[in-house]
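First the structure, in the form of structure tokens, and then the observations on it.
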Amino acid sequence: MLSLRRATVDDAEAIADVHVHSWRSGYHGLLPQTFLDGLSVEQRARRWHEIIGAEDSSTVQLVAERDGDIVGFTAFGASREDAADGELWALYVHPDAWSAGVGSALLTGAEQCLADDGFRDAYLWVLDGNDRANRFYRRHGWRADGRTRVERRPDVTLPEHRRHKPLGGHDSPR
């Protein structure tokens with residue numbers, strides 16, 4: 001049985017494990033293999049511990065558990081571009097749990113939380129060429145809006161395009 005709950009700092013290593021494995025599988029052929037091979041669960045776990053444990057964090061994280069194991073997570077909150085909008089910053093599912101409804105449950109949970117927080121619209125960024133993610137988000141009503149960006153990190157360049165979804169249901173802006 002799948003359940004969703006808020007992440008705790010004790011979940012940081014499991015979240016990092018999902019994060020690294022999903023990047024290695026999902027971005028294979030889209031990002032340099034040396035970059036993917038260099039991803040570290042330990043480094044990601046330290047970063048997730050900081051994010052989850054920050055008292056002033058506006059990031060909300062949900063984890064998906066199946067049989068006591070974390071199989072996916074999502075992080076979201078106010079948009080980095082326009083705080084009046086919501087943003088889905090991350091949604092990753094361990095490859096062993098792909099196509100089992102985990103991503104859909106996490107996405108629905110994130111959308112509901114964003115709507116409950118008063119956001120009328122939400123955005124997310126998808127790595128160019130990530131056809132699997134594009135199909136997934138399109139099925140859930142997220143539409144490409146024509147915006148693009150290139151995120152540059154010291155060891156990789158990430159060309160991305162933005163998707164948008166009206167969340168509806170709230171009369172007052174955030």
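Inter-residue side-chain proximity for Leu124 and Arg162 is flagged as unmet; no heavy-atom pair is nearer than 4.5 Å. Residues Asp11 and Ile70 form a side-chain contact, since some pair of their non-hydrogen atoms from C-beta on lies under 4.5 Å apart. A 4.5 Å side-chain heavy-atom check between His164 and Arg143 finds every atom pair outside the cut-off. Between Leu107 and Leu88, some side-chain heavy-atom pair lies under the 4.5 Å cut-off. Using a 4.5 Å cut-off on side-chain heavy atoms (C-beta onward), Val60 and Arg6 make contact. In this structure, Asp17 and His21 have side chains that are in contact, with non-hydrogen atoms separated by less than 4.5 Å. Inter-residue side-chain proximity for Val156 and Leu158 is flagged as met; some heavy-atom pair is nearer than 4.5 Å. Annotation: side chain of Arg147 is in contact with side chain of Glu81 (closest heavy-atom distance under 4.5 Å).
Side-chain N/O atoms of His161 and Asp145 include no donor and acceptor closer than 3.5 Å.
Under a hydrophobic-cluster definition in which Ile, Leu, Val, Met, Phe, Trp and Tyr are linked whenever side-chain heavy atoms come within less than 4.5 Å, directly or via other members, Phe136 and Tyr123 are assigned to different clusters. Placement of Leu127 and Trp125 in two distinct hydrophobic clusters is found when ILVMFWY residues are connected by side-chain heavy-atom separations under 4.5 Å, directly or transitively. Residues Val20 and Ile52 share a single hydrophobic cluster, defined by chaining ILVMFWY side chains whose heavy atoms lie under 4.5 Å apart.
Every residue was checked against the side chain to side chain donor-acceptor pair (under 3.5 Å) condition with Asp96, not counting sequence neighbours, and none meets it. Every residue was checked against the side chain to side chain donor-acceptor pair (under 3.5 Å) condition with Gln43, not counting sequence neighbours, and none meets it.
Under a cutoff of 6.0 Å and an axis angle of 45°, Arg44 and Trp23 form a cation-pi pair. Judged by a 6.0 Å distance limit and a 45° cone about the ring axis, Arg163 is not positioned over the six-membered ring of Tyr137.
Taking the six-membered ring for Trp and the full ring otherwise, Phe73 and His19 have centroids separated by under 6.0 Å.
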Give the intermediate values and the outcome of side-chain hydrogen bond (donor to acceptor under 3.5 Å, both in side chains) for residues Arg132 and Ser99. CA-CA 11 Å; Arg132 179 184 187 85; Ser99 300; 3.3 Å; yes
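Other residues, nucleotides and ligands place no more than 12 heavy atoms under 6.0 Å from the CD atom of Glu13. For CZ of Arg149, the number of neighbouring non-hydrogen atoms (other residues, nucleotides, ligands) closer than 6.0 Å is greater than 12.
Ile15 CD1 to Gln61 CD: the interatomic distance, rounded to the nearest 0.5 Å, is 6.5 Å. Note that CG of Leu62 is 11.5 Å distant from CD of Glu65, once rounded to the nearest 0.5 Å. Atom CG of residue Asp67 and atom CG of residue Leu2 lie 9.5 Å apart, to the nearest 0.5 angstrom. Of the inter-residue distances, the one linking His140 atom NE2 with Ser104 atom OG reads 3.0 Å to the nearest 0.5 angstrom. From Trp89, atom CH2 reaches atom OG of Ser79 across 8.5 Å, with rounding to the nearest 0.5 Å. Rounded to the nearest 0.5 angstrom, Leu106 CG and Thr74 OG1 are separated by 6.0 Å.
The aromatic rings of Tyr92 and Tyr27 stand perpendicular to each other, their planes meeting at an angle above 60°, with 30° marking the opposite boundary.
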